[in-house]
Undergrad: 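Below: one structure in structure tokens.
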Number of protein chains: 2
Amino acid sequence: MYKRSPIQAQEHVTAERKRREKLGELFISLSKVVPGLKKLDKSSILGDTIEYMKELQQQVKVLEETKKNIPSACENIKENVNCIDQVVESKIKARILDKSVLINIHCNKQDGVVGRILFEMEQLHLSVNDIRIMPFGPTNLEISILAEMENGCCITVQDIVNALQINILDQVQSAVA
Amino acid sequence: MYKRSPIQAQEHVTAERKRREKLGELFISLSKVVPGLKKLDKSSILGDTIEYMKELQQQVKVLEETKKNIPSACENIKENVNCIDQVVESKIKARILDKSVLINIHCNKQDGVVGRILFEMEQLHLSVNDIRIMPFGPTNLEISILAEMENGCCITVQDIVNALQINILDQVQSAVA
DNA sequence: CGGCACACGTGATAC
DNA sequence: TGTATCACGTGTGCC
């Protein structure tokens, strides 16, 4: 029950007032960094801050997890690199069924590629019934050709692939790994 | 300048006490979700909370950015390769170039095959940009699909080929030589 | 002792 | 009209 001297009392008041000011400013600052704040009373600010903070922490946790999974995803890609050698030959694929011929070519874009292919088909005595060219990425083409052997012609898939390989892809292949 | 009745005064005291209690508990709760808190006075709690919150927000921002860059991160790894192929028994072929995916399927005609393929594409988070179906002879189909990986998706050719192999061809394959 | 932080009761005020 | 919240001055304890 001791009282202070008037001077001390006034200092106390001032100090306390200053402290409250600081606290009030901190509340305002806090309310500005917490988005979606509806009520602005202190309890709501603290409550929503806690809630929002937990969301942020969980979000960081999730994102960190996905970040950890990036290397493994890239590892899968690395593993598949080994398969390329076996695939080089299958950049051209040919199928024969009776007199029908189905050809699949994967190559990079280059002026006159389709023209040279059609010329080669003519040389092979294959009449083209359908040809579809799909762009794949900025530099590649996927070409499907449906053809038919001309009368009296009997050709093998090996002949087709060889002819196309020599006359088409060998000249355009360099950019494709 | 109106005074309250003694009863009302007491209620006011109780209410105010309860409010302070609530605020105090909120401060404690807040201090528990903010890590690395050295001082436990209210100003420090609020200040460190603001600081920590800003760090979290920036961290989330950065992680979101890196998340968007996952494909490019993978791109760096496979930039030497530029293109990755894989052939499974040459009935299914998949290629990946950046986010583009090119799939080639050779199978026999059967009701619902295309539907099942498209469903599988959806399961793989691949959005189909183009699909072309060429009949080859009376019983066979040659299907070419041009698709694109959906955002945040990083899939391998092996995944694609396996999924299609299991869910499509294994059920329809018998008639194909 | 002084500096600091807190809880308390109280009056004022907004809805 | 009660039912909230707030700021204020004060008492008290802790370095």
Undergrad: For DNA chain C, what are the stems built from at least three Watson-Crick or G-U pairs in a row, each pair having both distances below 3.5 Å?
TA: C:3-15 with D:2-14
Undergrad: Any luck finding a side-chain donor-acceptor pair between B/Gln57 and A/Tyr52 under 3.5 Å?
TA: yes
Undergrad: For B/Arg17, give me all partners under salt bridge (charged side-chain N to carboxylate O under 4.0 Å, His left out), at least two apart in sequence or on another chain.
TA: none
Undergrad: B/Phe136: which residues meet the ring-ring contact (aromatic ring centres under 6.0 Å, His included) condition with it, sequence neighbours left out?
TA: B/His106
Undergrad: For a 4.5 angstrom cut-off between non-hydrogen side-chain atoms, does A/Glu142 reach B/Leu146?
TA: no
Undergrad: Mind jotting down which residue pairs meet the side-chain hydrogen bond (donor to acceptor under 3.5 Å, both in side chains) criterion with at least one end in residues 19-38 of chain A? Sequence neighbours excluded, please.
TA: A/Glu16-A/Arg19
Undergrad: Passes side chain to side chain contact (heavy atoms under 4.5 Å, CB included), A/Lys39 versus A/Ile45? Steps please.
TA: CA-CA 7 Å; A/Lys39 304 274 291 179; A/Ile45 293 178; over 6 Å; no
Undergrad: Quick check: on DNA chain C, is the nucleotide nearest A/Glu11 upstream (toward 5') of the one nearest B/Ala9, or the reverse? Name the residue that is more 5'.
TA: A/Glu11
Undergrad: Would you say the side chain of B/Ile103 lies within less than 4.5 Å of the side chain of B/Met121, judging by non-hydrogen atoms?
TA: yes
Undergrad: Report the C-alpha distance between A/Ile155 and A/Met149 in whole Å, list the side-chain angles of each, state the deciding distance to 0.1 Å, and finish with yes or no for side chain to side chain contact (heavy atoms under 4.5 Å, CB included).
TA: CA-CA 8 Å; A/Ile155 204 172; A/Met149 294 187 206; 4.0 Å; yes
Undergrad: Going by heavy atoms closer than 4.0 Å, what residues in residues 12-21 of chain A are next to DNA chain D?
TA: A/His12, A/Val13, A/Glu16, A/Arg17, A/Arg20
Undergrad: Output the residues of residues 22-51 of chain A in contact with DNA chain C, where contact means a heavy atom of the residue under 4.0 Å from an atom of the strand; sort by number or write none.
TA: none
Undergrad: Can you measure from OG (B/Ser144) to CD1 (B/Ile131) and round to the nearest 0.5 angstrom?
TA: 9.0 Å
Undergrad: Atom CE in B/Met134, atom CG in B/Leu141: separation rounded to 0.5 Å?
TA: 11.0 Å
